[in-house]
Amino acid sequence: QLQASGGGLVQAGGSLRLSCAAPESIFRANAMGWFRQAPGKQRELVAVITTGGDANYADFLAGRFTISRDTAENTVFLQMDNLGPEDTAVYYCSAGPASVVGTTWDVSVDYWGQGTQVTVSS
């Protein structure tokens, strides 16, 4: 039910913007997030944004990615800048409960998108 798009091939240092459209009922009730899975590795959280707009990012991003949500379009975006070969992976959007207490986030996933391939050449 989540439709992800925007992946592709880009050179190192370039940018891509991923989009994920969701049904309104799912979008308005859940935090939206992005995970990624590189070949031979486990799926890992990249970023998540709550219905209230609070965002959390994986430490390895070092400020290169920005997650946002458009409530008019029921869409979540992931702006990825200064991409490197280590960012090559299949990116999945997600929807589910998320909460934060202090600096500790608890993220669950109830819905997954189909995945979109991001390939960064060196």
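These numbers were taken from a predicted model, which means no experiment stands behind them.
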Margin query: Quick check: do E86 and F60 have side-chain heavy atoms less than 4.5 Å from each other?
Written below: no
Margin query: Evaluate T51 against F27 for side chain to side chain contact (heavy atoms under 4.5 Å, CB included), listing each step before the verdict.
Written below: CA-CA 8 Å; T51 55; F27 186 85; over 6 Å; no
Item checked: Co-membership, hydrophobic cluster, residues W105 and I67, 4.5 Å side-chain -> no
Notebook entry, point to check: Do you reckon V48 sits in the same ILVMFWY cluster as I26, going by side-chain contacts under 4.5 Å, direct or chained?
Noted result: no
Next item on the list: Establish, from distance only, whether the side-chain atoms of Q3 and S5 form a donor-acceptor pair under 3.5 Å.
Entry: no
Item checked: Inter-residue atom distance L78.CG - Y91.OH, 0.5 Å rounding -> 7.5 Å
Check: Taking all atoms of both residues into account, what is the closest heavy-atom pair of Y111 and L2, and its distance?
Finding: O-CD1, 3.7 Å
Check: Looking only at heavy atoms, which two atoms of S94 and F35 are closest? And how far apart?
Finding: OG-CE1, 3.4 Å
Checklist line | Test item: R28 side-chain N/O and T71 main-chain N/O as donor-acceptor pair under 3.5 Å | finding: yes
Note to self: Same cluster or not: M32 versus F65, using hydrophobic residues (I, L, V, M, F, W, Y) connected whenever any side-chain heavy atoms lie under 4.5 Å apart?
What the structure shows: yes
Margin query: For residues Y57 and V118: do they belong to one hydrophobic cluster (side chain heavy atoms under 4.5 Å, members Ile, Leu, Val, Met, Phe, Trp, Tyr)?
Written below: yes
Note to self: Assess the residue pair M80 and D87 against the criterion (side chain to side chain contact (heavy atoms under 4.5 Å, CB included)); give the C-alpha distance rounded to whole Å, side-chain angles, the decisive distance to 0.1 Å, and a yes or no.
What the structure shows: CA-CA 9 Å; M80 306 186 293; D87 297 312; over 6 Å; no
Next item on the list: Test Q117 against T88 for side chain to side chain contact (heavy atoms under 4.5 Å, CB included), laying out the working first.
Entry: CA-CA 8 Å; Q117 176 70 46; T88 295; 4.1 Å; yes
Note to self: Quick check for you: to the nearest 0.5 Å, what is the distance between Q79 atom CD and L16 atom CG?
What the structure shows: 8.5 Å
Checklist line | Pairwise distance CG(L61) to CG(D81) - rounded to 0.5 angstrom | finding: 11.0 Å
Check: Do L18 and V10 share a hydrophobic cluster, counting only Ile, Leu, Val, Met, Phe, Trp and Tyr and linking them when any side-chain heavy atoms are less than 4.5 Å apart?
Finding: yes
Notebook entry, point to check: Between atom CG of L45 and atom CG of D59, what is the distance when rounded to the nearest 0.5 Å?
Noted result: 10.5 Å
Notebook entry, point to check: Taking atom OG of S108 and atom CG of N30, what is their separation to the nearest 0.5 Å?
Noted result: 10.0 Å
Check: Of all heavy-atom pairs between R36 and A89, which one has the smallest distance, and what is that distance?
Finding: CB-CB, 3.9 Å
Next item on the list: Apply side chain to side chain contact (heavy atoms under 4.5 Å, CB included) to V76 and I49, showing your working.
Entry: CA-CA 9 Å; V76 62; I49 186 168; 4.1 Å; yes
Note to self: For the backbone of A4 and the side chain of Y92, can you confirm whether one donor and one acceptor N or O come within less than 3.5 Å of each other?
What the structure shows: no
Notebook entry, point to check: If you take all heavy atoms of T50 and R69, which pair is closest and at what distance?
Noted result: O-NH1, 3.2 Å
Margin query: For the CZ atom of R17 and the CZ atom of F77, what is their distance to the nearest 0.5 Å?
Written below: 4.5 Å
Check: Which heavy-atom pair separates S19 from T75 by the least distance, and what is that distance?
Finding: CB-CG2, 4.2 Å
Check: Do you know which two heavy atoms are closest between S15 and N82, and how far apart they sit?
Finding: OG-N, 4.2 Å
